[in-house]
Amino acid sequence: MAVSGLRFLIGTVFKVPATTEHASRAYSTSHVFAEVLELPKRQLTKLVFPLQELQRHLAPDMKLNLHLRVFDPSLEDIAKADDLFTATARHRIEYLSSAVRLDHAPDLLRPEVCFIGRSNVGKSSLIKALFSLSPEVEVRISKKPGHTKKMNFFKVGKYFTMVDMPGYGYRAPEDFVDMVEAYLKERRNLMRTFLLVDSVVGITKTDTIAIEMCEEFALPYVMVLTKIDKSSKGYLLKQVLEIQKFVDTKTQGCFPQLFPVSTVTYAGIHLLRCFIANITGNLKANDSRFN
Ligand code: GDP
């Protein structure tokens, strides 16, 4: 798409009718994404759909293996989602509470999404990046050895909550596994679990424990590949193809499309925000295209 085409899209973003509170916020704050739209096409594609850029390096028969655009929002939807992640006086995005047990978790009727992954996978960095449009959101991190690890709840206005689950690892105490397991099994408003895998390392034994948990409870989950800026294109492609093969052949509940992200370049962050906005029911205008 030529830059003039992008300018047209910026126009459509700003023409979103202000019929609801959300639409009116979109009208006033989507300048953030409008700046992104100003990028040359190749840079824009790389930022929003990092795998699409990589796919160019694959042989034609291999391209089919990557489910690149199962979730294929318009740039306008991506702008709307960015807007949903931008706090205003009437749309508060904030840390809500922490809990060590499920019965201490806030009892919420709003849709919820959670983030799980082994320690050091890049989970805190990802949650900070998702909230980067609202820098006043305090992403609490409790990593000191011996400190109780907690589930941290964040509310995104009246629309949904995001939960940062404690990181797991070989030395994770059993009560932590119990906490995650109980949450995944019983949390009724949980719409989607985001399972983070380090793209440099690939799927580890520890990751497979979490994958097995999601599979056992028949949860819909999504694999997010972190730290994609750290590898060469060739290495990243190899890792992505391996992980994609795992998802295609060994999982039932995992969304076929992988979500690669970097919190250094912000690649994939806009798309992930948009996916979250969609599965929590906040992109109503275009829902039919995603069903
Ligand atoms: P957590 O333990 O899962 O919360 O992991 P952190 O978010 O603390 O990240 C672990 C380490 O990986 C830190 O040194 C981060 O700076 C680094 N990191 C996280 N995300 C990225 C990324 O996208 N790119 C790069 N290069 N480093 C990252």
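Computed from a prediction, not measured in an experiment: that's the story for all the values here. Order of listing sets the numbers, starting from 1, for every ligand and every atom in it.
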For this session: From atom 5 (O) of ligand 1, work out which of G122, P166, S125 has a heavy atom at the shortest distance.
Result: G122

Exercise. Within a reach of under 6.0 Å around CZ of R69, are more than 12 heavy atoms found that belong to other residues, nucleotides or ligands?
Worked result: yes

Exercise. Heavy-atom distance to atom 10 (C) of ligand 1: which of I116, V200, N120 wins?
Worked result: N120

Exercise. Do the side-chain N and O atoms of S132 and R273 include a donor-acceptor pair separated by under 3.5 angstrom?
Worked result: yes

Exercise. Has S262 got any heavy atom lying under 4.0 angstrom from an atom of ligand 1?
Worked result: yes

For this session: Please examine the side chains of S199 and V240, heavy atoms only from C-beta on, and report whether any two atoms are closer than 4.5 Å.
Result: no

Exercise. Is it true that D198 and R118 make a salt bridge, defined as a side-chain N closer than 4.0 Å to a carboxylate O?
Worked result: yes

For this session: Taking the side chain as every heavy atom from C-beta outward, state whether D207 and Y168 have any atom pair closer than 4.5 Å.
Result: yes

For this session: Answer with side chain, backbone, both or neither: which part of D229 has a heavy atom less than 4.0 angstrom from an atom of ligand 1?
Result: side chain

Exercise. Hey, what's the ring geometry for F275 with F71, parallel, tilted or perpendicular (30° and 60° as the breaks)?
Worked result: perpendicular

Problem set entry | Residue from T161, T280, T193 passing side chain to side chain donor-acceptor pair (under 3.5 Å) with E112 | T161

Exercise. Counting each atom of ligand 1 from 1 as listed, which ones have a heavy atom of T263 under 4.0 Å away?
Worked result: 20 (N), 21 (C), 22 (C), 23 (O)

Exercise. For ligand 1, which part of K230 has a heavy atom less than 4.0 Å away: the side chain, the backbone, both, or neither?
Worked result: side chain

Exercise. Should T226 be listed as contacting ligand 1, given a heavy-atom distance under 4.0 Å as the test?
Worked result: no

For this session: Would you check the N or O atoms of I228, main chain and side chain alike, for any that come under 3.5 Å of an N or O of ligand 1?
Result: no

For this session: Could you say whether the N/O atoms of K227 and ligand 1 ever approach to under 3.5 Å?
Result: yes

